[in-house]
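What follows is a single structure, written as structure tokens, with notes after it.
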Amino acid sequence: MIGVSDSAAAGVPQTGSRTVRRRGMATGSPIAEWSFPADPGAVRTARTAVRRVLDDWGLNGAADVAVLLVSELVTNSLRYASGPIGVRMVLLGSGGLLVEVSDPLPDPPQERTAAPDDEGGRGLQLVAGVSRRWGTRYGKTGKTVWFELSVAG
């Protein structure tokens with residue numbers, strides 16, 4: 001796995017245990033977060049929510065990439081974990097957008113090389129190749145995979 005594995009050391013804000021939809025401010029930064037049930041409709045709902053908030057924040061230019069990466073990570077959570085899937089976005093003062101996807105499975109995601117005809121196995125490669133940095137943080141009840149994008153706002 002590539003990326004930063006200790007997000008606290010990397011200066012990534014910690015996720016609280018919020019499970020309700022919320023938009024607001026955290027430490028002066030705009031945030032949005034959701035909890036989705038572990039069912040196939042969660043991927044579409046997460047994409048729609050992320051796109052809507054980025055539009056509200058005036059970050060339409062980052063929407064396609066953020067939606068693609070969120071879709072990949074939520075799909076991974078659905079494939080390997082059961083229970084709620086959390087998605088959290090924080091607009092950082094450093095011209096970045098932090099996006100986190102959490103699930104109750106403590107096992108780390110595994111980046112792998114997909115064969116040309118494999119239907120899966122490229123999600124973490126996309127995250128690593130497109131984001132300015134990414135990593136995994138472990139909690140008491142699972143893990144959070146996060147990535148940071150450069151945005152103009």
Side-chain angles (χ1 to χ4, degrees), residues 2-105 108-109 111 120 122-153:
I2 60 176
V4 178
S5 61
D6 183 353
S7 57
V12 175
Q14 298 296 305
T15 302
S17 60
R18 299 172 199 94
T19 57
V20 295
R21 292 180 184 220
R22 177 179 159 205
R23 281 197 236 180
M25 303 288 273
T27 62
S29 297
I31 67 162
E33 57 189 339
W34 307 268
S35 181
F36 302 105
D39 66 55
V43 178
R44 179 182 310 125
T45 306
R47 286 193 304 251
T48 300
V50 166
R51 187 173 298 281
R52 185 175 300 131
V53 168
L54 292 175
D55 183 51
D56 289 350
W57 290 350
L59 299 173
N60 298 5
D64 287 342
V65 172
V67 165
L68 172 65
L69 298 184
V70 164
S71 181
E72 291 292 334
L73 294 179
V74 170
T75 298
N76 283 350
S77 290
L78 283 172
R79 179 172 288 147
Y80 300 109
S82 61
I85 299 166
V87 176
R88 179 175 184 252
M89 296 191 311
V90 179
L91 187 57
L92 304 172
S94 62
L97 175 69
L98 172 68
V99 181
E100 301 171 322
V101 176
S102 303
D103 65 51
L105 185 69
E111 187 175 2
R122 294 172 184 82
L124 290 177
Q125 290 177 343
L126 282 171
V127 172
V130 174
S131 63
R132 68 182 185 187
R133 60 188 187 143
W134 75 281
T136 303
R137 178 177 60 253
Y138 302 96
K140 293 178 183 176
T141 60
K143 70 173 171 310
T144 299
V145 179
W146 60 269
F147 63 86
E148 196 175 299
L149 297 175
S150 296
V151 295

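On a predicted model such as this, the values are computed, not experimentally measured, just so you know. Residue indices begin at 1 and follow the sequence shown.
- Of all heavy-atom pairs between Phe36 and Ala42, the closest is CB-CB, 3.8 Å.
- Going from atom OG of Ser131 over to atom CG of Leu97 covers 11.0 Å, rounded to the nearest 0.5 Å.
- In this structure, the side chains of Leu98 and Glu100 come closer than 4.5 Å at one or more pairs of heavy atoms.
- The main-chain N or O of Ser71 is found under 3.5 Å from a side-chain atom of Thr75 such that the two form a donor-acceptor pair.
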Review point. Can you check side-chain contact (heavy atoms from CB on, under 4.5 Å) on Thr45 and Trp34, steps first, answer last?
Key: CA-CA 10 Å; Thr45 306; Trp34 307 268; over 6 Å; no
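- Looking at heavy atoms from C-beta onward, Thr144 lies out of side-chain contact with Thr136 at the 4.5 angstrom threshold.
- Of all heavy-atom pairs spanning Val151 and Gly96, the tightest one is CG2-C, 3.9 Å.
- Taking every heavy atom of both residues into account, Val74 and Ala46 meet most closely at CG2-CB, 4.2 Å.
- Contact of the Ser77 side chain with the Val101 side chain is registered, since non-hydrogen atoms from C-beta on lie closer than 4.5 Å.
- Taking 4.5 Å as the limit, every side-chain heavy atom of Leu91 sits out of range of all side-chain heavy atoms of Ile31.
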Point to revise | Test log, rule side-chain hydrogen bond (donor to acceptor under 3.5 Å, both in side chains), inputs Ser35 and Arg88 | key: CA-CA 9 Å; Ser35 181; Arg88 179 175 184 252; over 6 Å; no
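- Remark: Leu105 engages Tyr80, Ala81, Asp103, Asp107, Lys143 in a side-chain contact (heavy atoms from CB on, under 4.5 Å) (not counting sequence neighbours).
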**Study point:** Working for side-chain contact (heavy atoms from CB on, under 4.5 Å), residues Glu72 and Val70
**Key:** CA-CA 5 Å; Glu72 291 292 334; Val70 164; over 6 Å; no
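- Annotation: side-chain contact (heavy atoms from CB on, under 4.5 Å) contacts of Val65 (sequence neighbours excluded): Leu69, Val130, Leu149.
- Looking at Leu124 and Trp134, their side chains come closer than 4.5 Å, going by heavy atoms from C-beta outward.
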**Study point:** Arg137/Trp146 under side-chain contact (heavy atoms from CB on, under 4.5 Å): CA gap, chis, key distance, verdict
**Key:** CA-CA 8 Å; Arg137 178 177 60 253; Trp146 60 269; 4.3 Å; yes
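- Arg132 CZ: more than 12 foreign heavy atoms inside a 6.0 Å radius.
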Practice item. Take Val53 and Met89 through the side-chain contact (heavy atoms from CB on, under 4.5 Å) test and state the conclusion after the steps. Key: CA-CA 9 Å; Val53 168; Met89 296 191 311; 3.4 Å; yes
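- Across Ile85 and Ala38, no two heavy atoms sit closer than the pair CD1-CA, 4.3 Å.
- Between Pro104 and Thr141 the shortest side-chain heavy-atom distance does not fall below 4.5 Å.
- Contact check for Asp64 versus Arg51: side-chain heavy atoms found under the 4.5 Å cut-off.
- Between Val145 and Pro109, the shortest heavy-atom distance links the atoms CG2-CG, 3.8 Å.
- When side chains are defined from C-beta on, Leu73 counts as touching Phe147, because their heavy atoms get closer than 4.5 Å.
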